[in-house]
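Here is the structure we will look at.
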Protein chains: 2
Amino acid sequence: MTDAHQRSGCPINLSLEVLGDKWSLLIIRDMMFGNRRHFRELLTKSEEGISSNILADRLKTLLEQRIITREDDPTHKQKGIYSLTEQGIELLPVLAQMAAWGYKYLPVTEELGIRARLLSEGGPKMWTEFMDELRESHLGAKRRRRSGPSVGERLQAAYESVVNGR
Amino acid sequence: MTDAHQRSGCPINLSLEVLGDKWSLLIIRDMMFGNRRHFRELLTKSEEGISSNILADRLKTLLEQRIITREDDPTHKQKGIYSLTEQGIELLPVLAQMAAWGYKYLPVTEELGIRARLLSEGGPKMWTEFMDELRESHLGAKRRRRSGPSVGERLQAAYESVVNGR
DNA sequence: GCAACCAGTTGCAATTCGCAATCAGTTTAG
DNA sequence: CTAAACTGATTGCGAATTGCAACTGGTTGC
C-alpha cells in the first residue's frame with residue numbers, strides 16, 4: 001500500500017489511483033447519503049455487503065488521502081466517528097454524475113434510483129445545497145437557516161415513499 | 001468475467017461494477033481527449049503504460065457494456081477502429097468532474113492539468129459542445145458548423161502551448 | 001523477401017480480493 | 001457481578017485479478 005508507484009500526473013489518473021476500485025466510492029456514498037459514520041454502520045447497513053478487512057483497508061487509505069477523518073466517539077471508548085473532509089465532500093459532483101449515468105443506462109431498481117433521479121433533476125444548484133448540509137454535519141460549519149426540508153431529508157423522504165408505496 | 005454477481009441495483013454501485021477499476025476510465029479518457037482509436041494507439045501512446053492483456057480485457061468488457069463499438073478499418077485488414085457510443089460519450093461529465101476534483105486536490109503536473117482546468121472553467125456548456133464534437137467523430141453525427149476552433153482543438157492547443165512554453 | 005506493424009494471446013509470478021473465523025476491549029442486560 | 005452482545009478491527013486462506021514478458025499469426029510497406 002505504498003504510494004510510490006505513481007503512473008502519471010494526469011488528474012483523472014491520480015483520481016483513479018485513489019478512488020479507482022469497487023468500494024471506495026461506495027463508502028463515500030454511504031457516508032453522504034446514508035449518514036453512516038461508524039465502522040459497524042458502514043459494514044452492516046450497506047446494500048452490497050463489504051467485508052470487514054476490505055472496509056478497514058479502504059478507510060485507512062481514505063484517511064491517508066485526507067478524504068475522511070476519524071475521531072473518537074465520546075459516548076463509547078471504542079467507537080470512532082468518521083467524517084468527510086472538504087475534499088471528500090467535493091466528491092459529491094463526481095458521485096452525482098456517476099449516479100445520473102448509471103440511472104440512465106444501467107438496470108437500476110426503482111427504490112435505489114429515486115435519489116439519483118432527484119439529484120440529477122436538481123442539478124448543480126441542489127448539489128451545492130447538499131454539500132453545504134454535509135459541511136454542517138461533517139465539518140460543523142455554520143449554515144444559514146433554510147426554509148423547508150433539507151436536500152438530505154427530501155432524498156430520504158422520496159426513498160421511503162417509493163419503498164412504502166409499492 | 002460473468003456478470004452474474006450483481007451486488008445491488010444502486011446506480012452508483014452499478015456504474016462502479018462496470019467502470020470501477022484503474023484502467024477502464026483511462027481508456028475512455030484516451031479515446032475522448034487523445035483521439036486514440038486503435039489498439040496500438042491505446043497501448044503505446046498513453047502516459048500510464050497499460051499492458052496488452054489488460055487492454056484487451058477492458059476493451060472486451062467495454063464492448064459488452066455497449067460503451068464502445070468496434071469495426072474493421074477499411075484501410076488495413078487487421079486494424080480495428082474503436083468508437084464511443086452515445087452511452088460512452090455521456091461519460092464525459094463523469095470524467096470532467098473527476099478531473100476537476102483531481103486538479104484541485106492531487107499533485108497534478110502542469111501540462112497534464114491544463115485540460116482539466118479549461119474543462120472545469122468551461123463548465124457544462126463546454127462539455128455539451130465537446131460531446132457534440134465526439135458525436136460527430138465517433139458516431140458520424142452531423143453537427144452545425146461552429147465558428148472558431150473546436151473544444152478538442154482548444155484543449156489540444158492549450159496542452160501543446162504548455163509543453164512547448166516551459 | 002523481409003522488416004516493421006497489427007491485434008491480440010499465453011504463461012507465470014505477485015498482488016489483491018473476499019469470505020469466515022477470530023480477537024481483545026467495552027458496554028449493556030439481568 | 002457476570003454473561004452476552006457490541007465495538008473496531010485482524011488473521012488465515014483459497015480464489016480471482018493484475019502486470020510483465022514473450023509469443024502468435026497475420027498484414028503491410030519497401
Side-chain angles (χ1 to χ4, degrees), chain A residues 1-8 13 16-27 30-31 34 36-65 68-83, chain B residues 1-8 13 16-27 30-31 35-65 68-83:
Chain A
M1 199 56 69
T2 56
D3 43 8
H5 48 74
Q6 190 193 90
R7 298 181 298 188
S8 91
N13 176 57
L16 286 172
E17 293 203 29
V18 177
L19 303 165
D21 72 274
K22 297 208 190 305
W23 291 112
S24 299
L25 284 173
L26 289 184
I27 295 171
D30 284 348
M31 290 183 72
R36 319 256 190 271
R37 306 290 290 270
H38 305 291
F39 190 92
R40 282 289 145 173
E41 288 179 334
L42 289 164
L43 185 65
T44 60
K45 292 185 184 171
S46 91
E47 290 278 335
E48 291 86 9
I50 190 171
S51 46
S52 58
N53 53 347
I54 307 285
L55 176 58
D57 180 79
R58 293 304 183 280
L59 287 173
K60 203 176 105 194
T61 60
L62 289 173
L63 279 168
E64 287 167 3
Q65 297 293 329
I68 60 174
T69 55
R70 193 210 133 114
E71 53 194 323
D72 291 335
D73 185 334
T75 73
H76 189 303
K77 283 187 180 172
Q78 266 186 320
K79 272 186 179 172
I81 303 180
Y82 292 98
S83 301
Chain B
M1 199 54 69
T2 57
D3 44 7
H5 49 73
Q6 189 193 90
R7 297 181 299 188
S8 91
N13 175 59
L16 286 171
E17 293 202 28
V18 177
L19 304 165
D21 74 273
K22 296 209 191 303
W23 291 111
S24 299
L25 285 174
L26 288 184
I27 295 171
D30 284 348
M31 290 182 71
N35 214 34
R36 318 257 190 270
R37 305 291 289 270
H38 305 291
F39 190 93
R40 281 293 141 175
E41 286 178 335
L42 289 163
L43 185 66
T44 59
K45 292 185 185 172
S46 91
E47 290 278 334
E48 291 86 9
I50 190 170
S51 45
S52 58
N53 54 346
I54 307 284
L55 176 59
D57 181 80
R58 293 304 183 280
L59 287 173
K60 203 176 105 193
T61 61
L62 289 173
L63 280 167
E64 286 167 3
Q65 297 292 330
I68 61 174
T69 55
R70 193 210 132 112
E71 54 194 322
D72 291 337
D73 185 334
T75 73
H76 190 303
K77 282 187 181 171
Q78 264 184 322
K79 273 188 179 174
I81 304 179
Y82 292 98
S83 301

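As a basis for the values below, the full set of heavy atoms in this structure was taken, side chains included, without hydrogen atoms, waters or symmetry mates. So you know, we letter chains A, B, ... as the sequences are listed, proteins then strands, and number each from 1.
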To the nearest 0.5 angstrom, please state how far the [atom1] atom of [X] sits from the [atom2] atom of [Y].
{"X": "L19(A)", "Y": "T61(A)", "atom1": "CG", "atom2": "OG1", "answer": "8.5 Å"}
{"X": "I54(A)", "Y": "K22(A)", "atom1": "CD1", "atom2": "NZ", "answer": "12.5 Å"}
{"X": "R58(A)", "Y": "I68(A)", "atom1": "CZ", "atom2": "CD1", "answer": "12.0 Å"}
{"X": "W23(A)", "Y": "D30(A)", "atom1": "CH2", "atom2": "CG", "answer": "9.5 Å"}
{"X": "Y82(B)", "Y": "E41(B)", "atom1": "OH", "atom2": "CD", "answer": "12.0 Å"}

In chain order, what residues pass the side chain to side chain donor-acceptor pair (under 3.5 Å) check against R36(B), with sequence neighbours excluded?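 Side chain to side chain donor-acceptor pair (under 3.5 Å) check on R36(B) returns nothing, list empty.
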With sequence neighbours left out, write down each residue that passes side chain to side chain donor-acceptor pair (under 3.5 Å) with T69(B), or none if nothing qualifies.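 For T69(B), no residue satisfies side chain to side chain donor-acceptor pair (under 3.5 Å) once neighbours in sequence are set aside.
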Is there a side-chain contact between L42(B) and I27(B), using heavy atoms and a 4.5 Å cut-off?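 Yes, at least one pair of side-chain atoms sits under 4.5 Å.
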What I'd like to find out is whether the side chain of L63(A) reaches to under 4.5 Å of the side chain of R70(A), using heavy atoms alone.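 They are in side-chain contact.
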What is the separation between atom CD on E48(B) and atom P on dG19(D), rounded to the nearest whole Å?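 Answer to the nearest Å: 12 Å.
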N/O to N/O distances under 3.5 Å, protein versus nucleotides 18-20 of chain C:
{"unit_1": "dG18(C)", "atom_1": "OP2", "unit_2": "W23(A)", "atom_2": "NE1", "d": "2.8"}
{"unit_1": "dG18(C)", "atom_1": "N7", "unit_2": "N53(A)", "atom_2": "ND2", "d": "3.4"}
{"unit_1": "dC19(C)", "atom_1": "N4", "unit_2": "N53(A)", "atom_2": "ND2", "d": "2.3"}

Are R40(A) and dG8(D) close enough that a side-chain N or O sits under 4.0 Å from OP1 or OP2?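 Checking R40(A) against dG8(D): at least one side-chain N or O falls below 4.0 Å of OP1 or OP2.
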Check this one for me: any side-chain N or O of R70(A) less than 4.0 Å away from OP1 or OP2 of dA9(D)?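 Yes, such a contact exists.
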Please report the end-to-end axis angle for the helix from dG1(C)-dC30(D) to dG30(C)-dC1(D), five pairs per end, rounded to 10 degrees.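 Comparing the axis at each end, I get an angle of 20°.
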Treat primed atoms plus P, OP1 and OP2 as sugar-phosphate and everything else as base, then score nucleotides 25-30 of chain D 5' to 3': B for base contact with protein heavy atoms under 4.0 Å, S for sugar-phosphate contact only, - for none. BBSS--
Run the side-chain contact (heavy atoms from CB on, under 4.5 Å) test against S52(A) and tell me which residues pass, sequence neighbours left out.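 So S52(A) forms a side-chain contact (heavy atoms from CB on, under 4.5 Å) with F39(A), L43(A).
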